[in-house]
There are 2 protein chains.
Amino acid sequence: MPTNRRPRVTIDQVAQATGVSRQTVSRAINNKSEIDPETRQRVLDAARAMGYRPSRFARGLVRQDLITLGLVIADVLNPFFPEVTAGVLEAAERRGWQVVVYNTGSEHRKELEVVDLLFDQVDAGVAFLLHHDAIAKAAAGNLPFVLLDKGGRAPAVPGVRIDFEGGARRGLEYLIGKGHRRIAMLDDEMALSGEAPNARRELYLRVMGERGIPVDVGWIQPAHNSIDGGAAAMERLLSAHRDVTAVFAYNDVIAIGAQLRARALGLRVPEDCAFLGFDGLSIGELVEPPLTTLHIDKRRLGEIAVEQAALLLAGAGETEIPEAVIEPQLLIRASA
Amino acid sequence: MPTNRRPRVTIDQVAQATGVSRQTVSRAINNKSEIDPETRQRVLDAARAMGYRPSRFARGLVRQDLITLGLVIADVLNPFFPEVTAGVLEAAERRGWQVVVYNTGSEHRKELEVVDLLFDQVDAGVAFLLHHDAIAKAAAGNLPFVLLDKGGRAPAVPGVRIDFEGGARRGLEYLIGKGHRRIAMLDDEMALSGEAPNARRELYLRVMGERGIPVDVGWIQPAHNSIDGGAAAMERLLSAHRDVTAVFAYNDVIAIGAQLRARALGLRVPEDCAFLGFDGLSIGELVEPPLTTLHIDKRRLGEIAVEQAALLLAGAGETEIPEAVIEPQLLIRASA
DNA sequence: AAGGTCTCCGTGAACGCTCACGTGAGCGGT
DNA sequence: ACCGCTCACGTGAGCGTTCACGGAGACCTT
């Protein structure tokens, strides 16, 4: 259905129509000097009338300074990503780069596809990638490439590491310190299927072990990464283990869904059951009671990644990139 | 601090290093036939070793089919925009377009800047623009250009119109039908400063007039477009007019902030004061009680805009673009 | 009148790639 | 020995710009 493209109007055609050379047209279009004001206007008028627009390809070919950054995220609709995006956009703008955005939904096929695209379309990439082979593929090509959230995995790839271990530990110890013993975990079903080790669940098991608190397997519920997913998981959890006193969620979105459902089912928060999220999304302030969570500076995360990409682009070796770690901070609101 | 860029490795250099012609290198890189498997491997290895990556400019110059869409939004952090973005991204991906995103914060200077950038960097633009001159500038250039949310203003520019009048009327009449008479409005301070006529406020005044309900000027409070802004505006409103029974907000974000603050100040919702938002954001479900609102299909909005851009790109005149209107639907949750 | 400056404009060349060809080597069939 | 075919590869041209020049004329200056 898309009709055939209209043919491109070139600078030469404008030149011919105006009776000048292409260089003069170029001068007019780019607002340069060495051109008679009247001629400039004539050219501009003709250009507009003919629908002329310079080819960014031809331009980019000759002036090598236009940089495009590829930003790969999992889900625009998850509030986590817009915040990272804000950081990336800002840092990129400061450098005069433009940013093209790709959404993968963490689907395996899509991730691989996007990595391929990246090589063709951008000068550097900054990405959330879940699947091993997509990461490997991205790292293998010779495109400056930075991983947002590189878990313990993929040490060879430059990127920002979020210290999930430290964060989860702080959170769990806070819960335990408050006297909780029956602490359930609502895990991301994706992270569960992914090949990457899940730092949050591992830490959960480890800390519980350290404190000598027995963990019932039923306490770990996989949840779809969404409000509804969290709600459904909570309902499953409750039907089997009504006695849990605290819930540690994979992230805020799941935590919020869970807390909402728990309240709908008549539980008091935090008296009957406390909730602890992860990410520090601002929407955590909207629910009642406001969600206690491990806050990640997502904006900074995006900025750092761009800085690293800039270093890579400037010719730094992958080993020269300084390690960057983001430390989640316990943000006590009221749900736990 | 950014070191000097490393020079670009060209196809000819790879060719020379491998002892073949550039065409053969091209065949290897692009996975084409008419090449010996062993040669291909040799070339690929050399390319990787030398850090070769084809120039997207040179490529784009010869094959004319790569399309880049520019998406201009006001604020990534406002949940309204990610939803639109999702629609745009999806529609663009279906067409094999890539999308570059610009954030303006609705700042006048930034809007003008971004419009300039657009002309250089993309093949078509889809934008939220608040300021008149930015819109005019965008429309004047000969870049296929579509306005997301074209208010009654700018009839010459193609774009999607959101029927704020119809929506606001439905919402207001619902409130009035519920018996409310002292209905305040929390308006966007930006839209107030902007030159564009504010359909929501106008409708508010008109409908109130039609129903013979006198409006106190103090009932209209400007609010910064954020949760906190809504909260602050609500507090101002309450300190002057404690007797309002309903609040009609410019959008959900402001409504949520207002409702949160009202509850914090001891008001019961909706008994003491009802709240009506605009946009239909999913975060409206998180607050207590869930926010009643005029729901806009934001995803569809993005999709339609891309469709129109595609039409324009295919050579359709601006007048041939079918009018698209999005109708806000009253979504009754519990806050009103 | 000769020289010098300024203003305005045009001409190759180059950017890095792909496309449409052209070519030579190898091989089987007659 | 010839034709014809396939396979692997190379060559010229062209995509649409900008950059570094070069040059013609107008206008001063001495």
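Quick note on labels: first sequence line is chain A, next is B, and so on, each numbered from 1.
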**Complete:** Expected string for nucleotides 5-12 of chain C under the B/S/- scheme (protein heavy atoms, under 4.0 Å, primed atoms plus P, OP1, OP2 as sugar-phosphate) is ---SBBBB
**Complete:** Contacts of A:Phe119 meeting ring-ring contact (aromatic ring centres under 6.0 Å, His included) (sequence neighbours excluded), chain-then-number -> none
**Item:** By ring-ring contact (aromatic ring centres under 6.0 Å, His included) - contacts of A:Phe81 (at least two apart)
**Value:** A:Phe128
**Prompt:** So how far is it from A:Ile35 CD1 to A:Arg40 CZ, rounded to the nearest 0.5 Å?
**Reply:** 5.0 Å
**Message:** So, taking the atom named NE2 in B:His108 and the one named CG in B:Leu130, what distance separates them when rounded to the nearest 0.5 Å?
**Reply:** 9.0 Å
**Message:** Can a side-chain donor-acceptor contact be found between B:Thr10 and B:Arg22 if the only test is distance below 3.5 angstrom?
**Reply:** no
**Prompt:** Is it true that the side chains of A:Glu113 and A:Tyr102 contain a donor and an acceptor less than 3.5 Å apart?
**Reply:** no
In whole angstroms, how far is the [atom2] atom of [N] from the [atom1] atom of [X]?
X        : N      : atom1 : atom2 : result
B:Asp120 : D:dT17 : CG    : P     : 12 Å
B:Lys32  : D:dC7  : NZ    : P     : 17 Å
B:Glu38  : D:dC9  : CD    : C1'   : 14 Å

**Request:** Could you check which residues of residues 51-62 of chain A get a heavy atom under 4.0 Å from DNA chain D? Sort them by number, please.
**Result:** A:Tyr52, A:Arg53, A:Pro54, A:Ser55, A:Ala58, A:Arg59, A:Leu61, A:Val62
**Message:** Tell me which pairs pass salt bridge (charged side-chain N to carboxylate O under 4.0 Å, His left out) where either residue lies in residues 67-79 of chain B, with sequence neighbours left out.
**Reply:** none
Inspect the contact between [Y] and [X] and indicate whether a charged nitrogen and a carboxylate oxygen are less than 4.0 angstrom apart.
X        : Y        : value
A:Arg161 : A:Asp149 : no
A:Lys110 : B:Glu93  : yes
B:Asp120 : A:Arg59  : yes

**Complete:** Residue pairs passing the ring pair (Phe, Tyr, Trp, His ring centres under 6.0 Å) test with at least one member in residues 45-73 of chain B, sequence neighbours excluded, are none
**Message:** Let me check the geometry of the helix from C:dA1-D:dT30 to C:dT30-D:dA1. What is the bend angle between the axes at its two ends, five pairs each, to 10°?
**Reply:** 50°
**side-chain hydrogen bond (donor to acceptor under 3.5 Å, both in side chains) partners for A:Gln13, two or more places apart** = none
**Asked** Taking only residues two or more places apart in sequence or in another chain, which ones pass side-chain hydrogen bond (donor to acceptor under 3.5 Å, both in side chains) with B:Glu90?
**Response** B:Arg94, B:Arg299
**Item:** Which residues share a side-chain contact (heavy atoms from CB on, under 4.5 Å) with B:Arg42, sequence neighbours left out
**Value:** B:Thr18, B:Val20, B:Thr39
Using a cutoff of under 3.5 Å, can you pull out all pairs of nitrogen or oxygen atoms linking the protein to nucleotides 23-27 of chain C, with atom names and distances?
none

**Message:** Is there a side-chain contact between A:Arg63 and A:Leu66 in this structure, where contact means two heavy atoms from C-beta onward sitting under 4.5 Å apart?
**Reply:** yes
**Request:** Enumerate the residues from residues 10-18 of chain B whose closest heavy atom to DNA chain C is under 4.0 Å, giving them by residue number; use none for an empty result.
**Result:** B:Thr10, B:Ile11
**Request:** Kindly say if A:Ser26 contacts the phosphate of D:dT18, meaning a side-chain N or O under 4.0 Å from OP1 or OP2.
**Result:** yes
